[in-house]
Amino acid sequence: VARFPDAEIIAVGSELLTPARLDTNSLYLTEKLNALGLEVVRKSVVGDHRERLAGAIRGAMASAEVVIVTGGLGPTEDDVTRDAAAQALGRTQSFRQEIADWLANRFAKMGRNMAEINLRQANVIDGAEILPNPNGTAPGQWVEQDGRVVMLLPGPPRELRPMFETECLPRLRERCPKQIIQTLFYRIAGMGESDLDALIAPVYTRYTNPATTVLAAAGDIQVHLRARCEAAEEAGALLAEVGPAIEALLGDRIYSRNGDSLEVVVGKLLRDRRETLAAAESCTGGMLGERITTVPGSSEYFAGSLVTYTPRMKVEVLRVDPRLIAEHTAESEPVALAMAEGARQRAGSTYALSITGIAGPGGGREDVPPGTVFIGLAGPSGTEVKRFRFPGDRERVRGFAVQTALDLLRRSITRATSPMAWMQPR
Ligand code: ATP
Ligand code: MG
């Protein structure tokens, strides 16, 4: 396999060194570079300081063949990227009348006066190619030196992205060996990251191609397989070797193979079957309803979520028997069960999910520590309740609860209808 150039990204701007602003350009660029087959070997954030930035660019050129600098191309005194790059490259800049004319024209069209300082943006490093900016005033620059390329791109994401896609990607592609990248993508629920890794690592660590990455959030894990080959058949064959081995280990814990979120997957299942869902939420305060309704068209299958936080609301709205609460407390299996059945009845839906528990950090009881959540699912074939203990702080516990509730419903629907249900691993 031929070698790809390494990339380094430098985000310029003193505001990016404060807690107020985050460098997101490098995340976007990394995604695009990775898709092309390039690896980002280092990235940094540098304030608006010419000497420091020139030093950073020199350092980047020493370690990577592709150097991308974003931001600091504006017209003001603190925009030092052009000067710093010229200094790092040991080149001078020249004033380009065609850029000045274009700038003047742009200002005139918007009915604004162009300040003298804007003419700084017409300075171009000698030997650089100009990258047009249809969405702003700062043109980008592409400079090659000693087999390396340095790109100067504007900071605002809405200017950077189109410029990178139309100007930089095609040029970069020419510098890369001809290779095919094929990927497999799984999303998995109902399992912790370390358990998942222990299960599938024996398979994927045997291969460097495809490369496997595991990304985890609360109750939601993504597994990516990336095969890089000279021919599509070869990449396909590699994925066909490793993918099914991983799928066999994960079984029905895989909920999506195309990137769909759990709420989208559950929505499709319900819509396909013309079934409906309602919910009753206590400790998640409406988060389940929020997740479900982010999907366009969810009104076709979602009746609504009743947020019943106090015992009184559980009794009045869901018609939970007050004696159940008195005997078992509101955070218990019997109450979760009654909540699910109450919501199903009130909504007249095919299914209803219920969530009640102790999100923490305080409020635990001896037998019910913080993080304990009871999830109920009422459906045509009865009602089930499960008790969980989720790790983490309040937000994580609530996130786990919602994800787990959606996954319980997904599994219940697919088990009920899959002829192979009996042989899928748990
Ligand atoms: P302008 O002509 O708009 O000044 P510029 O190239 O000088 O363009 P900056 O002044 O560095 O760009 O940044 C303008 C704005 O773009 C910043 O206030 C910030 O909102 C956004 N921005 C800059 N760099 C980044 C980054 N790395 N990630 C996300 N946003 C950024
Ligand atoms: Mg600026």
Side-chain angles (χ1 to χ4, degrees), residues 7-34 38 40-57 59-60 64 66-89 93 95-96 98-110 112-125 128-143 150-169:
E8 175 153 347
I9 301 169
I10 303 173
V12 184
S14 295
E15 78 277 11
L16 302 173
L17 292 168
T18 70
R21 267 271 150 64
L22 201 61
D23 156 40
T24 55
N25 284 347
S26 68
L27 305 180
Y28 160 83
L29 290 168
T30 302
E31 191 185 337
K32 293 288 169 190
L33 292 166
N34 289 167
L38 276 77
V40 175
V41 293
R42 184 165 62 170
K43 64 176 178 176
S44 52
V45 176
V46 181
D48 301 309
H49 186 287
R50 190 162 57 105
E51 305 294 326
R52 286 201 191 96
L53 180 55
I57 294 172
V66 171
V67 177
I68 305 182
V69 187
T70 79
L73 288 181
T76 62
E77 201 62 50
D78 61 5
D79 290 308
V80 296
T81 300
R82 273 179 300 270
D83 294 351
Q87 184 180 331
L89 291 159
Q93 299 178 72
F95 179 78
R96 297 289 193 86
E98 72 265 34
I99 298 178
D101 292 344
W102 173 81
L103 276 170
N105 191 3
R106 190 184 152 90
F107 274 90
K109 264 199 225 148
M110 294 191 301
R112 284 167 51 197
N113 235 343
M114 185 170 83
E116 185 70 21
I117 54 164
N118 281 90
L119 290 175
R120 278 174 202 249
Q121 291 181 302
N123 288 334
V124 175
I125 295 171
E129 281 181 73
I130 300 166
L131 309 175
N133 183 355
N135 304 296
T137 58
Q141 301 191 33
W142 171 286
V143 205
V150 179
M151 280 166 250
L152 311 184
L153 304 178
R158 54 174 290 278
E159 298 178 29
L160 166 108
R161 293 173 184 215
M163 185 184 293
F164 187 74
E165 264 152 64
T166 55
E167 301 296 332
C168 307
L169 273 180

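Hydrogens, waters and symmetry mates are skipped; everything else that's a heavy atom, side chains included, is used. Treat the numbers as computed from the prediction; the structure is a model and nothing was measured. Order of appearance sets the numbers: ligands from 1, and atoms from 1 within every ligand.
Residue-to-ligand polar distances place Asp23 within reach of ligand 1: an N/O pair is separated by less than 3.5 Å. Taking only nitrogen or oxygen atoms, main chain and side chain alike, Gly74 reaches within less than 3.5 Å of ligand 1. For ligand 1, the polar-atom distance check finds an N/O of Pro156 within less than 3.5 Å of one of the ligand's N/O atoms. Among the atoms of Ala138, none of the N or O lies under 3.5 angstrom from an N or O of ligand 1. Of the polar atoms of Glu159, none of the N or O atoms is found under 3.5 Å from an N or O of ligand 1, judged by distance alone. Between Thr24 and ligand 1, a contact under 3.5 Å exists for at least one N or O pair. Note: an N/O pair closer than 3.5 Å links Leu73 and ligand 1 by distance alone. Of the polar atoms of Gly155, at least one N or O is found under 3.5 Å from an N or O of ligand 1, judged by distance alone.
With a 6.0 Å radius and a threshold of 12 heavy atoms from other residues, nucleotides or ligands, Glu31 has its CD atom at or below the threshold. More than 12 heavy atoms of other residues, nucleotides or ligands shown are found within 6.0 angstrom of CD on Glu98.
Numbered from 1 in the order shown, with element, the atoms of ligand 1 that lie under 4.0 Å from a heavy atom of Pro154 read 6 (O). Proximity to Gly71 (heavy-atom distance under 4.0 Å) selects the following atoms of ligand 1: 6 (O), 11 (O), 12 (O). Annotation for ligand 1: atoms under 4.0 Å from non-hydrogen atoms of Ala11 are 27 (N). Those atoms of ligand 1 with a heavy atom of Gly72 less than 4.0 angstrom away are 5 (P), 6 (O), 7 (O), 9 (P), 11 (O), 12 (O).
Contacts between Leu22 and ligand 1 below 4.0 angstrom, taking non-hydrogen atoms only, involve the backbone exclusively.
At a threshold of 4.5 Å between non-hydrogen side-chain atoms, the residues Glu8 and Val66 do not count as touching.
For atom 17 (C) of ligand 1, the nearest non-hydrogen atom from the set Glu15, Arg82, Gln121, Lys43 comes from Glu15. When the heavy-atom distances from atom 10 (O) of ligand 1 to Leu27, Asp79, Asn133 are ranked, the shortest goes to Asp79.
Under the 4.0 angstrom criterion for non-hydrogen atoms, Gly13 is not in contact with ligand 1.
Residues Asp83 and Arg50 share a closest heavy-atom pair of CB-CD, 3.4 Å. When all heavy atoms are compared, the tightest approach of Asn135 to Pro162 is ND2-CG, 3.3 Å.
Ion pairing between a basic and an acidic side chain is recognised when a charged N comes within 4.0 Å of a carboxylate O; Glu15 and Arg21 show no such pairing.
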Exercise for review: Walk me through it: do Leu152 and Val150 pass the test side chain to side chain contact (heavy atoms under 4.5 Å, CB included)?
Suggested key: CA-CA 7 Å; Leu152 311 184; Val150 179; 4.0 Å; yes
Next item on the list: Would you sort out whether Glu165 and Lys32 count as a side chain to side chain contact (heavy atoms under 4.5 Å, CB included), showing the intermediate values?
Entry: CA-CA 9 Å; Glu165 264 152 64; Lys32 293 288 169 190; 3.5 Å; yes
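Atom-to-atom distance recorded for Asp101:CG and Arg96:CZ is 13.0 Å, nearest 0.5 angstrom.
A donor-acceptor pair under 3.5 Å links the side-chain atoms of Arg120 to the main chain of Pro75, judged by distance alone.
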